[in-house]
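None of these values were measured; they are calculated from a predicted model. In what follows, every heavy atom counts, from backbone to side chain, and hydrogens, waters and symmetry copies are set aside.
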Amino acid sequence: MILENTQTKYERHFEVMRDLRKGGLNPDMYPEFLNTVKNLPNLPSRKISDYRIFDKFNLSNLTESDVFVISNEFQRRSRNITKTCWHPLASSSTCKVDRSRKIIVTEAHSIQNNGVLSKISENGHVVGFSLDKNGFEDKEIGKNIASTFLGFCNNHDAIFYPIETNSYSGTDEQHFLYAYRAFVVSFHKKRETSYFINYGIQSENDIEENKKIFDLAIISKNYSVIKTDVFELPAHYPMAVSSAANLEFDFDGNPIIHSENRMGNLYI
């Protein structure tokens, strides 16, 4: 239930339901409904009977189809709100802009389209996971749209040329760029979901503090700030990933002590 989850930004959920006329919500009754929600007792002391106050609104249960439509609208809104150019020098004077001087952010690949994706694709498609009304299911995706996100303008997406156009040679710059792209796509996606999920202040602080490290390295071209370990597999496996995960243990199984400012991450 939306109101029982403290991480849920319930107003965002109800706004979408209102706009899509789902669950019985509509613009005419919405102000009174929202005010009623805000006047509920705090969650620890809330009782089931407290929700009877909503009976007057004649609300209805959401169908599976409703949930799917609402979820898609969440994704659309969050993508539009969070699209930005992550490059440290991004501005209206350095990015590609439209006539109103607004930065044009285009779909960027987190995995090289003409490199890795081409090697694992069949007939121009790869298999990925997407959200359906039945949950996450594996589906064929055109490689031109697979692994894309709204994280760079065309001008600054060029920063990845050393791994897009050059063969892998194991340079510090290439290792850094693989890590940087994994950082950006992972935390850009987290910002997308934070449109309707409250991750807390520390989450955004982790993003900003880690971004400072990458930004400074890019500006100073100090690519050795990222420690890289390369694992070579004995055969070709048609899989690819660009992602980040919180570090809890090192490769020897020792717990990692994080600073108070940020959580360290593993970039894959």
Side-chain angles (χ1 to χ4, degrees), residues 78-79 82-91 94-96 103-121 126 128-130 141-194 203-204 206-233 237-247 262-268:
S78 63
R79 281 170 62 86
T82 58
K83 64 179 179 181
T84 187
C85 182
W86 280 69
H87 194 278
L89 300 180
S91 70
T94 62
C95 293
K96 188 172 183 180
I103 296 175
I104 301 174
V105 178
T106 55
E107 297 277 3
H109 282 272
S110 61
I111 301 173
Q112 302 94 302
N113 185 22
N114 294 320
V116 175
L117 290 180
S118 293
K119 292 180 180 179
I120 66 173
S121 65
V126 295
F129 289 90
S130 60
I141 307 170
K143 76 178 188 68
N144 289 333
I145 62 173
S147 79
T148 56
F149 67 106
L150 295 168
F152 290 96
C153 70
N154 278 343
N155 291 349
H156 290 122
D157 190 44
I159 190 177
F160 298 109
Y161 279 180
I163 57 176
E164 287 281 359
T165 60
N166 300 337
S167 299
Y168 174 72
S169 58
T171 65
D172 284 347
E173 182 181 20
Q174 286 184 323
H175 290 159
F176 174 87
L177 290 174
Y178 280 120
Y180 178 54
R181 187 149 61 182
F183 160 73
V184 173
V185 66
S186 296
F187 288 100
H188 183 86
K189 293 294 184 182
K190 190 166 188 177
R191 278 183 170 170
E192 283 186 1
T193 58
S194 69
S203 174
E204 184 60 27
D206 286 344
I207 296 176
E208 288 299 323
E209 291 301 317
N210 281 297
K211 186 177 187 301
K212 288 177 183 177
I213 296 174
F214 282 106
D215 288 353
L216 181 60
I218 291 170
I219 294 172
S220 63
K221 296 185 177 181
N222 180 20
Y223 303 122
S224 62
V225 297
I226 298 296
K227 182 182 182 299
T228 301
D229 285 294
V230 178
F231 299 89
E232 295 188 12
L233 302 179
Y237 298 93
M239 299 182 294
V241 64
S242 179
S243 187
N246 292 335
L247 280 174
R262 69 180 184 88
M263 173 77 77
N265 292 284
L266 173 69
Y267 304 106
I268 307 171

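- Salt-bridge formation is detected for the pair R191/E204: a Lys NZ or Arg NE/NH1/NH2 atom is positioned less than 4.0 Å from an Asp or Glu carboxylate oxygen.
- Taking every heavy atom of both residues into account, C85 and V105 meet most closely at N-CG2, 3.9 Å.
- H87 NE2 to C95 SG: the interatomic distance, rounded to the nearest 0.5 Å, is 8.5 Å.
- Side-chain contact between T82 and L150: absent, with no pair of heavy atoms (C-beta onward) separated by less than 4.5 Å.
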Just do the side-chain contact (heavy atoms from CB on, under 4.5 Å) check on E192 and H188 with the steps written out, would you?
-> CA-CA 6 Å; E192 283 186 1; H188 183 86; 3.5 Å; yes

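- A distance of 15.0 Å separates CH2 of W86 from CZ of R181, quoted to the nearest 0.5 Å.
- The distance from atom CG of N166 to atom CG of L177, rounded to the nearest 0.5 Å, is 10.5 Å.
- Minimum interatomic distance between S243 and A182 (heavy atoms only, all atoms of both residues): O-CB, 3.3 Å.
- Between E164 and D157 there is no side-chain heavy-atom pair separated by less than 4.5 Å.
- Counting all heavy atoms, side chain and backbone alike, A240 lies closest to V116 at CB-CG1, 3.5 Å.
- Salt-bridge formation is not detected for the pair K211/E208: no Lys NZ or Arg NE/NH1/NH2 atom is positioned less than 4.0 Å from an Asp or Glu carboxylate oxygen.
- Counting heavy atoms from C-beta on, the side chains of T171 and Y223 never come closer than 4.5 Å.
- Atom CG in N265 sits 4.0 Å away from atom CZ in F187 (nearest 0.5 Å).
- Proximity of S91 to L89: side-chain heavy atoms (C-beta onward) are nowhere separated by under 4.5 Å.
- The side-chain heavy atoms of K96 and I103, taken from C-beta on, include no pair separated by under 4.5 Å.
- Nearest heavy-atom pair across N210 and D206 is ND2-O, 2.8 Å.
- Using a distance-only test at 3.5 Å, with no hydrogens or angles considered, no donor-acceptor pair links the side chain of T148 to the main chain of E107.
- Looking at T193, its side chain does come within 3.5 Å of a backbone N or O of K190 through a donor-acceptor pair.
- Proximity of I104 to C153: side-chain heavy atoms (C-beta onward) are nowhere separated by under 4.5 Å.
- Using a 4.5 Å heavy-atom cutoff, the side chains of F214 and I226 are in contact.
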Trace of the side-chain hydrogen bond (donor to acceptor under 3.5 Å, both in side chains) decision for T106 with N154 = CA-CA 7 Å; T106 55; N154 278 343; 2.8 Å; yes

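- Here D215 contributes atom CG and S220 contributes atom OG; the two are 10.5 Å apart, rounded to the nearest 0.5 Å.
- Taken to the nearest 0.5 Å, the CZ atom of F176 stands 4.5 Å off from the CD1 atom of I218.
- Proximity of F183 to I213: side-chain heavy atoms (C-beta onward) are nowhere separated by under 4.5 Å.
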